[in-house]
Amino acid sequence: MSDKKFTTTSGIEIKDVYTTVPQNSELPGQFPFTRGIQKDMYRGRLWTMRQYAGFSTAEESNKRYHYLLAQGTMGLSVAFDLPTQIGYDSDDEMAEGEVGKVGVAIDSLKDIEILFDGIELQKITTSMTINATASILLAMYIALAKKQGADLQQLSGTIQNDILKEYAARGTYIYPPKPSMRIITDIFEYCSKELPKWNTISISGYHIREAGSTAVQELAFTLANGKAYLNAALQKGLDIDVFAKRLSFFFNCHNNFFEEIAKFRAARRMWANITKSLGATDEKAMMLRFHTQTGGSTLTAQQPLNNVVRVANQALAAVLGGTQSLHTNGYDEALSLPTEAAAKIALRTQQVIAFESGVTDTVDPLAGSYFIETLTDEVEAAATIYLDKIEVMGGSVNAIENGYIQQEIANASYQYQKEIESGERIIVGVNKFPQKEEGLEDVFRVDESIRTIQIEKLEKLKTNRNNTAVENALLRLKDAASGNKNLMPFILLAVEEYATLGEIANCLREVFGEY
């Protein structure tokens, strides 16, 4: 037997050999859903193959969406630029240098109409990676669906809408935590009546992991945030058996193959027990449904074609872990937004796993593995220690406000970097097997003229719309925000009058302040 100590990325020790398996007679589709939320899993229906896209203008992104749908993508995932994420119009001085860079620029309903031109919203599912301004973007999507004559009761998709991880890991928040939580629970309440098939929040571990957390921390902090949203909704008087069904999760998938699979299995079991402890009686309200994206921070700018292998490894782990939806990164994303060629290879990776590998033929094929079952238990135990600490602090909001979660992520990130620099952790092509660089010839670049185009569109919009109606709608929104009315109908009204994203966000800034 080897004397060298082996551990997962979270520091869980890996034994040389496993000879026993924890007793578990549970079947897929049965509480607590360790083995999957459907009894037939991918035999009945494959995961949704999403590709994350959005860049420069709505016109350019619309072309990419049509391309992806033609290649066999089953759902769209929209990336928004930074000004859109933090509530600034493209003509705001705060937006300079950032318009259309990391996603598409959306200033008004007019841009959303162009973004989805020729795409019937009722026939696709759309996931929007948006948080602080999620209520405004969702209102724009609803307004367009209404214009298309869609049945809102059938409209399906997801808004990320997870503000707690913004304070903890990512930073695109606008308002202080308490008004932000109010907006989120207003969305829960509104959609439970008006858009019953819409997932009103995607509680995100992805960005926690990208900020440098371990797999165990990603799991623990994500579930702690989920618990905070459950408690906020319960305090608003919502029925957990109704609203918990519309919560979904968004996890990262990194390179440690077996730890990632164990993380997904443990997540389902832990969430089932959390929802049950808070009063859920409907099993559908106890099921953890999740989208996975392969790990952006694992991609290397050095020898970028190696990323094809990393992404395939991560995608396979997500599928064996039982994901409901999957986005695979382009091999060139450490250098730029993905080119069409990289996006196509990323999608084909999923299709090869789905149709050629055989891993979808049976449910939870790794169940009963001595290693996987033990590791699932160990990941759960390690994550529970964090959850218990956060509970003692009074929950996620308090743990974020006192800096605990941020410090734990920072410590893990520092440790990871030290291991790379010392050579203890090997990154192929970076600190082992390096070579004289052969750069990629075809790298995606966003045109700097995007902001000028968006400003011209805004000027035209403000000339042609009914500005009195816009002012009245914004006054009504401000009045609702000052009281305790649900904000969603007032945001929708402002959007339908072509109030801009920045005007609506500023209206709420006046009432709630900035954090």
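Values reported hereafter were calculated over all heavy atoms of this structure, with side chains retained and with hydrogens, waters and symmetry mates removed.
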Main-chain N/O of Leu326 paired to Gln293 side chain as donor or acceptor, under 3.5 Å: no
Spacing of CG belonging to Asn255 relative to OG1 belonging to Thr9, to within rounding of 0.5 Å: 9.5 Å
Any donor-acceptor N or O pair under 3.5 Å, side chains Thr298, Gln314: yes
Side-chain donor or acceptor of Lys263 paired with backbone N/O of Asn252 under 3.5 Å: yes
Polar side-chain atom of Glu356 near backbone of Gln351 as donor-acceptor pair, under 3.5 Å: no
Ion pair check, Glu424 and Lys418, cut-off under 4.0 Å: no
Arg45/Asp40 ion pair, N-O < 4.0 Å: no
Distance-minimising heavy-atom pair for Lys39 and Val363: O-CG2, 3.4 Å
Step-by-step salt bridge (charged side-chain N to carboxylate O under 4.0 Å, His left out) determination, Glu373 to Arg265: CA-CA 9 Å; Glu373 296 294 358; Arg265 297 174 93 247; 3.2 Å; yes
Heavy-atom check, side chain of Gln153 versus side chain of Pro196, under 4.5 Å: yes
Intermediate values then yes/no, side chain to side chain contact (heavy atoms under 4.5 Å, CB included), Gln71 and Glu340: CA-CA 11 Å; Gln71 296 301 318; Glu340 277 194 1; over 6 Å; no
Side chain to side chain contact (heavy atoms under 4.5 Å, CB included) between Phe290 and Phe250, intermediate numbers included: CA-CA 5 Å; Phe290 67 101; Phe250 173 24; over 6 Å; no
Any Leu164 side-chain heavy atom under 4.5 Å of Met181 side chain: yes
Heavy-atom donor-acceptor pair, Glu259 side chain to Ala215 backbone, under 3.5 Å: no
Derivation and outcome, side chain to side chain contact (heavy atoms under 4.5 Å, CB included), residues Ser135 and Tyr190: CA-CA 10 Å; Ser135 56; Tyr190 177 84; over 6 Å; no
Flag side-chain contact, heavy atom, 4.5 Å: Thr133 against Ile106: no
From Thr323, Ile37, Thr158, residue fulfilling side-chain contact (heavy atoms from CB on, under 4.5 Å) relative to Arg289: Ile37
Min side-chain heavy-atom separation Lys101-Leu82 under 4.5 Å: no
Backbone of Tyr331 reached by a side-chain donor or acceptor of Asn307 within 3.5 Å: yes
Short side-chain donor-acceptor distance under 3.5 Å, Thr328 and Gln350: yes
Separation between CD of Gln415 and CD1 of Ile420, rounded to the nearest 0.5 Å: 11.0 Å
Side-chain donor-acceptor pair present, Glu166, Thr172, cut-off under 3.5 Å: yes
Reported CG-to-CE distance for the pair Leu223 and Met270, which is rounded to 0.5 angstrom: 5.5 Å
Between Ser10 and Gln217, a side-chain donor and acceptor under 3.5 Å: no
Side-chain donor-acceptor pair present, Asp241, Thr281, cut-off under 3.5 Å: yes
Asn225 side chain to Thr222 side chain, donor-acceptor N/O pair below 3.5 angstrom: no
Validation row, ring centre Phe251 to ring centre Tyr206 under 6.0 Å: no
Backbone N/O of Ile130 and side chain of Asn161: donor-acceptor pair under 3.5 Å: no
Donor + acceptor pair across side chains of Thr48, Gln324 (<3.5 Å): no
Separation between CD of Gln417 and OG of Ser422, rounded to the nearest 0.5 Å: 10.0 Å
For Ile14, the option from Thr374, Thr8, Leu375 that meets side-chain contact (heavy atoms from CB on, under 4.5 Å): Thr8
Side-chain donor-acceptor pair present, Asn313, Arg310, cut-off under 3.5 Å: no
Crowding at NZ, Lys276 (>12 non-hydrogen neighbours, <6.0 Å): no
Residues Lys165 and Gln160: side-chain donor-acceptor under 3.5 angstrom: yes
Parallel, tilted or perpendicular: ring planes of Tyr141 versus Phe116, cut at 30 and 60 degrees: perpendicular
Plane angle bin for Phe371 and Tyr18 - parallel if under 30°, tilted between 30 and 60°, otherwise perpendicular: tilted
Sidechain-backbone polar pair: Thr73 side chain, Leu68 backbone, donor-acceptor under 3.5 Å: yes
Donor-acceptor pair between Ser204 and Asp162 side chains, under 3.5 angstrom: no
Ring centers of Tyr386, Phe221 separated by less than 6.0 Å: yes
Arg269 bridged to Glu380 by N-O distance under 4.0 Å: yes
Test item: side-chain donor near acceptor, Asn256 and His254, under 3.5 Å: no
Full working for side chain to side chain contact (heavy atoms under 4.5 Å, CB included) between Ile159 and Asn199: CA-CA 7 Å; Ile159 40 170; Asn199 297 322; over 6 Å; no
Tyr229 and Phe188 aromatic ring geometry - parallel, tilted or perpendicular at 30°/60° bounds: perpendicular
Donor on one side chain, acceptor on other, Asp81 and Gln85, under 3.5 Å: no
Nearest-0.5 Å distance, CD1 of residue Ile208 to CD of residue Gln406: 10.0 Å
Parallel, tilted or perpendicular: ring planes of Phe33 versus Phe31, cut at 30 and 60 degrees: perpendicular
Sub-4.5 Å side-chain heavy-atom contact between Asn231 and Leu234: yes
Heavy-atom donor-acceptor pair, Glu210 side chain to Ser297 backbone, under 3.5 Å: yes
Atom pair CG/NZ of Asp239 and Lys245 - distance to nearest 0.5 Å: 8.5 Å
CD1 (Ile345) with more than 12 external heavy atoms under 6.0 Å: no
Asp361 bridged to Arg43 by N-O distance under 4.0 Å: no
Non-hydrogen side-chain atoms of Cys191 and Leu138 separated by less than 4.5 Å: yes
Atom of Leu76, atom of Arg50 and distance for their closest heavy-atom approach: O-NH1, 3.1 Å
Backbone of Trp198 reached by a side-chain donor or acceptor of Arg246 within 3.5 Å: yes
Min side-chain heavy-atom separation Phe80-Leu137 under 4.5 Å: yes
Geometric cation-pi criterion Lys4 and Phe6, 6.0 Å radius, 45° cone: yes
N-O pairing of Glu408 and Lys389 below 4.0 Å: no
